[in-house]
There are 2 protein chains.
Amino acid sequence: MPPETPENSVEPLERQSLVDRVTARLGEAILAGRYDRGATLPPERDLARALQVNRTSLKHALQRLEQLGFIATRHGIGSVVLDPTETAGARLLSYLVFRASGIDTAVLSDLIEARTLLGAFLTRLAAERRSDDDVKSLGRVLEDLGRVADEPDAVQRLELVFFRNIMRATKNQIFVTLASSMFAVYLGRAHVFRDAFTDRAGVQKALGRVLDAVQARDADAAERAAHDYLKKNGKALLDAAKRLG
Amino acid sequence: MPPETPENSVEPLERQSLVDRVTARLGEAILAGRYDRGATLPPERDLARALQVNRTSLKHALQRLEQLGFIATRHGIGSVVLDPTETAGARLLSYLVFRASGIDTAVLSDLIEARTLLGAFLTRLAAERRSDDDVKSLGRVLEDLGRVADEPDAVQRLELVFFRNIMRATKNQIFVTLASSMFAVYLGRAHVFRDAFTDRAGVQKALGRVLDAVQARDADAAERAAHDYLKKNGKALLDAAKRLG
DNA sequence: GAGGCACAGTGGCTGAGCCACTCATTCACC
DNA sequence: GGTGAATGAGTGGCTCAGCCACTGTGCCTC
């Protein structure tokens, strides 16, 4: 994690390589249903000519799309179009939220609801399973949160670290990993949600209640506290995105 | 989905392209910690020479690894090694379970626990939100399950379809997507878990209880029924994998 | 009819080369 | 001494042209 310097509050210019753009173009086309599921994409040579890129560059994009679960490429046959919502899994999330046409608020509100429900459920689990070390590291995050200036970026980052540590406290690697998938959506576009983290003191207080319940191994209280925070913050996230999207 | 013919019970030979192997090799090396986090990989020209592949093929593999969240490649700098457990998200799951050295049963049992807990939780949600169409499509899956012969592959496939429909009944796209990530782990290696699906009648009965509760909108019963099934089947999955792994 | 074979279409992979970006160094200028 | 422009080495981005390998089809032979 980078330190919280003023220049961090300015988003770096987004630079796209040719392969980035080809991947996005084809990915959008598939998501939009412009190719039938199970049909094959046009031959690479044709597709490259149509996109006016070299076949090698096109193939780089196809490698990515295959990894994403958008297509399955088979030697001698072609690239078969899959249904990303069936096969792509969590790696698809940020694609679904940040569409070429702007932010898809329907998907985003689903995402925020999922965050609220799963976050609360897993905080309950964390309260049951937490070790003393977990309590300590959560405490340290809250201390850091008390020390930083009222920088939304820093608050946002520490909130994410807090929940990552909650996931660790469940003692199940899979939850950490699934949570990362959801975190990744807003890590990539953190600035969109910046306005949801202007109230440092409020965040600190709410997470403090979560920590207290986890420390006390009070599963019900932990679930409630997490749910309260995530619900309220989720509304702020959605508002922030709507203002920008 | 392919029909349930006898030849489906034989797994096709796994054929790996050069790029597959390069990706696996480098991915394993990063997972094993053979490169420091934040360090750069060797220059592409050197790495290609070392692996005895063309630079283009190496780059295909790097495109995939970048998409997987293993590395971040920057023009003029190099490919920076990331910590996949932090950045890779759910797309990492099957990598974590199926290691070059064999199946990682610790991760697999975490995965199975996660499946049990989340599956039960989301079945509860599905019971609260299901539409009549959801009940119908779940019913159709169970009918199919009644019709197929005692083919473990078919049972396994239909069980997965059943739970995919449960996820759809939550009316939240994100849950469908997250579930796909977990399904993907065993879709890729279905034969490993085959032995957990030999008791067709048992599966049918257990899922029938889930459906009944969902239909009755009885959240508690639905959660319980799903938990019971997933717990028991999870044990069978782990046993099956251990016998083969 | 069954099996073998040839061919067209498609992706896999290579080698060579030039372009574009980044960073550290150098050096001229104030 | 500080500043900033120019340079050059190192690295990834992208292209081009071509051959190899796999798949499915349809013909041909027996």
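To find a chain, count down the sequence lines: A is the first, B the second, and so on, and within it residues start at 1.
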Going by the angle between their ring planes, with limits at 30° and 60°, are A:Phe197 and A:Tyr186 parallel, tilted or perpendicular?
perpendicular
Under a 3.5 Å distance rule, please check whether B:Asn172 uses its side chain to pair with a backbone N or O of A:Asp110 as donor and acceptor.
yes
Side-chain N,O (A:Ser57) to OP1/OP2 (D:dT15) below 4.0 Å
yes
Separation of A:His75 atom NE2 from C:dG12 atom C1', in whole Å?
5 Å
Specify the residue among B:Ser17 and A:Asp46 whose closest nucleotide of DNA chain C lies further upstream toward the 5′ end.
A:Asp46
Would you kindly give the CD1-to-C1' distance between B:Ile77 and D:dG13, to the nearest whole Å?
14 Å
The answer to which of A:Arg21 and A:Gly76 contacts DNA chain D further toward the 5' end, by nearest nucleotide, is A:Arg21
Are the charged groups of A:Asp239 and A:Lys242 less than 4.0 angstrom apart, N to O?
no
Check whether any side-chain heavy atom of A:Leu108 lies under 4.5 Å from a side-chain heavy atom of A:Leu238, and answer yes or no.
yes
Figure out the CD/P separation between A:Glu44 and C:dG12, and round it to whole Å.
6 Å
Side-chain donor-acceptor pair under 3.5 Å between B:Ser17 and B:Asp20, yes or no?
yes
Can you measure B:Asp20 atom CG to D:dC22 atom P for me and round it to whole angstrom units?
14 Å
Separation of A:Leu18 atom CG from D:dG12 atom P, in whole Å?
18 Å
Mind running a 4.0 Å heavy-atom check of residues 48-56 of chain A against DNA chain C and sending the residues that fall below it, in number order?
A:Arg55
Establish, with yes or no, whether the OP1 or OP2 oxygen of D:dG13 is under 4.0 angstrom from a side-chain nitrogen or oxygen of B:Lys59.
yes
Using whole Å, report how far CD of B:Gln63 lies from P of D:dG12.
12 Å
Between C:dG9 (P) and A:Leu47 (CG): distance, integer Å
18 Å
Partner of B:Gln63 under side chain to side chain donor-acceptor pair (under 3.5 Å), picked from A:Lys59, A:Glu66, A:Arg64, A:Gln63, is A:Arg64
How long is the gap from CG on A:Leu31 to CG on A:Leu26, to the nearest 0.5 Å?
11.0 Å
Please confirm whether any donor atom in the side chain of B:Arg45 sits under 3.5 Å from an acceptor in the base of D:dG12, or the reverse.
yes
With the side chain defined as heavy atoms from C-beta on, B:Pro43 is closest, among D:dT11, C:dG12, C:dT10, to D:dT11
C:dG12 C1' sits how many Å from A:Leu58 CG, rounded?
14 Å
